[in-house]
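Read the numbers this way: they start at 1 and go in the same order the structure lists the ligands and their atoms. What you are looking at is a predicted structure, and each value in this text was computed from that prediction instead of being measured.
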Amino acid sequence: MCGIIGYVGSKNSVPYIIDGLKKLEYRGYDSAGISILQDGKLVTVRAVGKVAELEKAALLENPQGTSGIGHTRWATHGKPSEENSHPHTDCSGEIVVVHNGIIENYLVLRAKLESLGHRFKSETDTEVIAHLIEENLKHVRNGSKEVCLLKAIQKTNKEISGAFAYGVLWAQTPGILIGVKNQSPMVVGIGKGENFLASDVPAFLKHTNKVLFLEDGEIVLIHAKEVKVLDKDGKEKKIKTTKIDWDQQKAEKGGYEHFMLKEIYDQPQAIEDTLRTARTDFGKILGLDTIGLRHLKEVHIIACGTAYHAGLVGKYYIEQFAGIPVSVDLASEYKYRTVPHHQGTLAVAISQSGETADTIGAIKKAKELGFRTLAICNVLGSTLTRICDSTFFTHCGPEISVASTKAFTSQITGLYALAISLGNANGNISQSVFEKLYKELMRLSKAMSESVKMEYDVRHLTRKIYKADRFIFLGRNVNFPIALEGALKLKEVSYRSAEGFAAGEIKHGPISIIDKNTPVFMLMPQDSLFEKMLSACQECRARGAFVVAITTEGGVAEAKKVAHKVIIVPQVNDFLQPILNVVPLQFLAYWIAKRLDCNIDQPRNLAKSVTVE
Ligand code: F6R
């Protein structure tokens with residue numbers, strides 16, 4: 001994530017930029033910075049923490065200038081610190097860059113630039129952009145300064161890979177702001193005698209609702225009174241603007257009514273971003289310790305709530321692909337139980353926030369026992385990541401809604417990548433099997449884009465059932481934790497009573513709570529356990545339950561015979577299927593809570609990050 005804002009006009013840009021950054025804080029808030037072009041020189045102010053800290057620092061420094069850029073950061077490379085805050089500069093200090101995304105080949109580029117004499121001041125991937133532009137400018141001499149800058153940026157874009165949207169100011173081209181978009185969001189606000197560049201509309205909505213949405217590969221040149229767009233082939237393109245009729249609050253949620261709904265829809269991107277560097281990240285994490293890996297005897301997964309459910313799925317993955325026994329503990333239990341000490345144990349802590357007190361307490365215990373520790377976490381620089389020996393970052397951006405959705409599916413995605421990487425490293429799966437599994441994983445984001453299209457079906461279904469007192473969720477194997485997660489999500493946001501069970505267990509007790517009209521959700525993709533799930537449907541239906549089958553295309557005909565309603569999710573391999581199967585349950589929780597008029601993003605009694613035991 002991260003938020004970018006740029007302004008070019010006739011007024012002092014600072015209040016516009018600070019205000020825009022406040023509106024973008026939902027995209028990241030660990031540090032922020034601005035660069036303002038003042039009397040031909042760039043003045044940069046940066047601060048760790050929320051934008052309010054930057055505002056205080058900017059008041060002291062008091063820069064003034066009619067063009068400037070700003071950034072609020074959600075750290076991905078380099079801890080949250082002033083040096084790592086954007087904007088970043090080249091060696092001369094004349095070029096400043098703000099960036100959202102990940103430059104995948106930044107280490108190679110950095111080494112090359114350092115060998116050419118460039119001096120780096122931060123640990124970020126972003127800084128390579130500023131130095132590359134500086135380097136490329138040395139080689140383009142023909143044309144005006146503006147043309148030279150443009151050519152240097154075009155060359156830079158050919159050299160960097162990954163997802164990026166960035167803005168550039170050069171002290172030698174006053175009054176010009178350049179923006180680049182490739183797989184990360186970037187929009188332009190067209191005002192009267194002033195124009196804006198931003199990651200998202202709320203940053204400038206107060207000043208203009210005339211918006212130009214950029215396409216991947218495009219470059220925009222922004223002057224106070226003119227905006228030019230070059231397409232991916234460098235040709236000038238006719239500008240087409242859109243009038244936005246959202247209010248400010250809705251705009252911050254990307255046009256959705258609640259963050260929870262927005263974050264459900266963020267999932268294809270979150271998975272893509274999480275996977276972007278997964279292979280190299282795990283390569284590095286596991287590569288550090290190949291000897292230890294060969295001797296890895298067991299894995300302990302530790303987490304709370306939704307992250308614990310992700311861990312339960314991870315157990316199936318690691319045992320299947322790496323052949324290593326796994327225990328999964330609620331962090332609050334792990335801390336207080338006797339954990340036998342074994343050589344060759346890896347403790348994996350899963351946490352969106354990295355600040356959950358129970359998880360931190362448990363991983364500290366694992367460290368005291370001498371286990372190696374790995375965090376799967378969404379927040380760089382968080383306490384958990386500082387304690388653990390290594391960290392795999394899920395790159396799903398800030399999750400604002402208390403009910404976790406995109407962090408959950410990103411965590412499972414990360415666990416799958418971990419399991420197959422472990423299996424490959426310890427020889428449990430061959431290189432060719434590993435490559436096949438990885439290929440399937442890389443197609444997951446596309447399948448997720450299909451899954452989120454089912455909102456309408458689920459929304460329609462909730463009209464019929466939202467007043468039920470109790471909801472039941474059933475699944476088997478990798479889909480059992482999804483049943484638990486479906487129940488947790490519904491409880492959290494709608495305050496309805498909901499329980500998840502392993503489908504094979506209901507006859508051992510829970511079936512007694514099923515009565516007439518109890519909605520029962522069956523997670524039954526067409527896999528080796530499909531027949532058994534059909535039987536469970538029959539058992540519930542015989543007790544009067546309202547049965548909803550969540551299945552894949554191949555299971556529809558059979559499911560229709562036993563269920564009152566069938567919801568179809570795209571088919572992927574059996575192990576990836578739970579990542580898609582949870583989506584209808586997320587929509588279900590959302591729409592029941594909405595119909596019951598609950599406070600969806602901030603449910604009663606809950607906090608986003610539980611920092612007390
Ligand atoms: C559920 C939810 C909580 C968290 C749990 C752990 O929607 O959000 O159950 O999953 O409190 O939080 P993290 O992942 O931040 O450690």
Novice: With no hydrogens and no angle check, just 3.5 Å: does a side-chain donor-acceptor pair link N424 and S421?
Specialist: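 There is no such pair (donor and acceptor under 3.5 Å, judged by atom type) between the side chains of N424 and S421.
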Novice: Classify the ring geometry of Y590 against H258: parallel below 30°, tilted from 30° to 60°, perpendicular beyond 60°.
Specialist: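 Perpendicular.
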Novice: For atom 2 (C) of ligand 1, find the nearest protein heavy atom and state the residue, atom name and distance (0.1 Å precision).
Specialist: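 That would be E492 OE2, 3.6 Å.
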Novice: Return the residue, atom name and 0.1 Å-rounded distance of the protein heavy atom closest to atom 15 (O) of ligand 1.
Specialist: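 Going by distance alone, atom 15 (O) of ligand 1 is nearest to S353 OG, 2.6 Å.
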Novice: Could you list the atoms of ligand 1 found under 4.0 angstrom from a heavy atom of A307?
Specialist: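 In order of numbering, the contacting atoms are 10 (O), 14 (O).
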Novice: Where does the angle between the aromatic ring planes of F393 and H395 fall among parallel (under 30°), tilted (30 to 60°) and perpendicular (over 60°)?
Specialist: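 The rings of F393 and H395 sit tilted, inter-plane angle from 30° to 60°.
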Novice: Check this for me: does any side-chain nitrogen of one of D30 and K79 sit under 4.0 Å from a carboxylate oxygen of the other?
Specialist: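 K79 and D30: not salt-bridged.
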Novice: Using a 3.5 Å cut-off on N or O atoms only, is T359 in polar contact with ligand 1?
Specialist: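 Among all N and O atoms of T359, none is under 3.5 Å from an N or O of ligand 1.
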Novice: Anything under 30° is parallel, anything over 60° is perpendicular, the rest tilted; go ahead and classify F371 against H341.
Specialist: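 Parallel, since the angle between the ring planes stays under 30°.
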Novice: Looking only at the aromatic ring of each residue, does the gap between the centers of F282 and F392 stay below 6.0 angstrom?
Specialist: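 Yes; F282 has its ring centre under 6.0 Å from that of F392.
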Novice: Counting non-hydrogen protein atoms only, what is the nearest one to atom 11 (O) of ligand 1? Give residue, atom name and distance.
Specialist: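 Protein heavy atom at minimum distance: V610 CG2, 4.2 Å.
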Novice: Can you confirm whether the side chains of K489 and T306 place a donor and an acceptor under 3.5 Å from each other?
Specialist: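 Note: K489 and T306 side chains meet the donor-acceptor criterion.
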Novice: Which residue supplies the protein heavy atom nearest to atom 6 (C) of ligand 1, what is that atom called, and how far is it?
Specialist: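 Going by distance alone, atom 6 (C) of ligand 1 is nearest to C304 O, 3.4 Å.
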Novice: Please list the nearest protein heavy atom to atom 14 (O) of ligand 1 with its residue and the distance rounded to 0.1 Å.
Specialist: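 Among all protein heavy atoms, the one nearest atom 14 (O) of ligand 1 is Q352 N, 2.6 Å.
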Novice: Are any of the N or O atoms of V402 closer than 3.5 Å to those of ligand 1?
Specialist: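 Right, the criterion is met.
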Novice: Considering non-hydrogen atoms of the protein only, which is the closest contact for atom 12 (O) of ligand 1, and what is the distance?
Specialist: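 The closest heavy atom on the protein side is T356 OG1, 3.5 Å.
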Novice: With side chain to side chain donor-acceptor pair (under 3.5 Å) as the criterion, how do T345 and E298 come out once you've worked through the C-alpha distance, each side chain's angles and the decisive distance to 0.1 Å?
Specialist: CA-CA 5 Å; T345 301; E298 56 179 23; 3.0 Å; yes
Novice: With a 4.0 Å heavy-atom cut-off (strictly under), which part of T306 contacts ligand 1: side chain, backbone, both or neither?
Specialist: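 Answer for T306: both.
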Novice: Mind checking whether L384 has a heavy atom under 4.0 Å from ligand 1?
Specialist: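 False for this residue.
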Novice: Can you tell me how the ring of F546 sits relative to the ring of H564, calling it parallel under 30°, perpendicular over 60° and tilted otherwise?
Specialist: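 F546 vs H564 ring planes: parallel.
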Novice: Would you say K489 touches ligand 1, if touching means a heavy atom closer than 4.0 Å?
Specialist: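 Heavy atoms of K489 do come under 4.0 Å of ligand 1.
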Novice: How are the rings of Y317 and Y416 set to each other: parallel, tilted or perpendicular (split at 30° and 60°)?
Specialist: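 Perpendicular.
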Novice: Could you list which atoms of ligand 1 come closer than 4.0 Å to a heavy atom of A403?
Specialist: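 Close to A403: 7 (O).
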Novice: Quick check: does Q411 get an N/O under 3.5 Å from an N/O on ligand 1?
Specialist: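 No: no nitrogen or oxygen of Q411 is under 3.5 Å from one in ligand 1.
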Novice: What are the atoms of ligand 1, with element, lying closer than 4.0 Å to any heavy atom of G305?
Specialist: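 Listed by number with element, the hits are 9 (O).
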